[in-house]
Amino acid sequence: MKYTNAKNVLPEKLISEIQKYIQGETLYIPKQEQEYQKWGTASGSRKMLDRRNAAIKESYRNGCSIEQLAEEYFLSTETIKKIIYSYRTTKRHG
């Protein structure tokens, strides 16, 4: 997290108003909700995991056991179960 001195970016009136509530402490100001990206969106990791999860579900539907899938994908059987049972439909991210 980047630290920015309020005096360098905010109007003096706004700083005075904020000081009524908090002084001399670090204050986190979150991004606006529309600025958030889901985890892995920027790096492509999310798409990679979605494809992996879809492949796991497809293999399971085609008769592969949970234990076989755990060994093949280096995941615990509990993680495989979560993927199979929690994600009933393949999520697509654009």
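All values derive from a computational prediction rather than experimental measurement. Position 1 is the first residue of the sequence, and the numbers go up from there.
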Under a single-linkage definition using a 4.5 Å side-chain heavy-atom cutoff for Ile, Leu, Val, Met, Phe, Trp and Tyr, are Phe74 and Tyr60 assigned to the same hydrophobic cluster?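 Each belongs to a different hydrophobic cluster.
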
Cluster check Tyr21, Leu14: I/L/V/M/F/W/Y, side chain < 4.5 angstrom: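 No, separate clusters.
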
Is any side-chain heavy atom of Ser16 less than 4.5 Å from a side-chain heavy atom of Lys13?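 No, their side chains stay 4.5 Å or more apart.
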
Between Ile56 and Leu75, is there a side-chain heavy-atom distance shorter than 4.5 Å?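 Answer yes - side chains close enough.
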
If every non-hydrogen atom of [X] is compared with every non-hydrogen atom of [Y], which pair is closest and at what distance?
| X | Y | value |
| --- | --- | --- |
| Ser65 | Gln68 | N-OE1, 2.8 Å |
| Ile15 | Ala6 | CD1-O, 3.6 Å |
| Ile83 | Lys57 | O-CD, 3.8 Å |
| Thr4 | Val9 | CG2-CG1, 3.7 Å |
| Leu10 | Ile18 | CD1-CD1, 4.0 Å |

When rounded to the nearest 0.5 angstrom, what distance separates [atom1] in [X] from [atom2] in [Y]?
| X | Y | atom1 | atom2 | result |
| --- | --- | --- | --- | --- |
| Leu69 | Lys81 | CG | NZ | 12.5 Å |
| Ile22 | Leu27 | CD1 | CG | 5.0 Å |
| Asn53 | Arg51 | CG | CZ | 11.0 Å |
| Glu72 | Cys64 | CD | SG | 6.0 Å |
| Glu12 | Glu17 | CD | CD | 13.5 Å |
| Asp50 | Ser45 | CG | OG | 10.5 Å |

Check this for me: Glu71, atom CD, are more than 12 non-hydrogen atoms of other residues, nucleotides or ligands nearer than 6.0 Å?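 No.
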
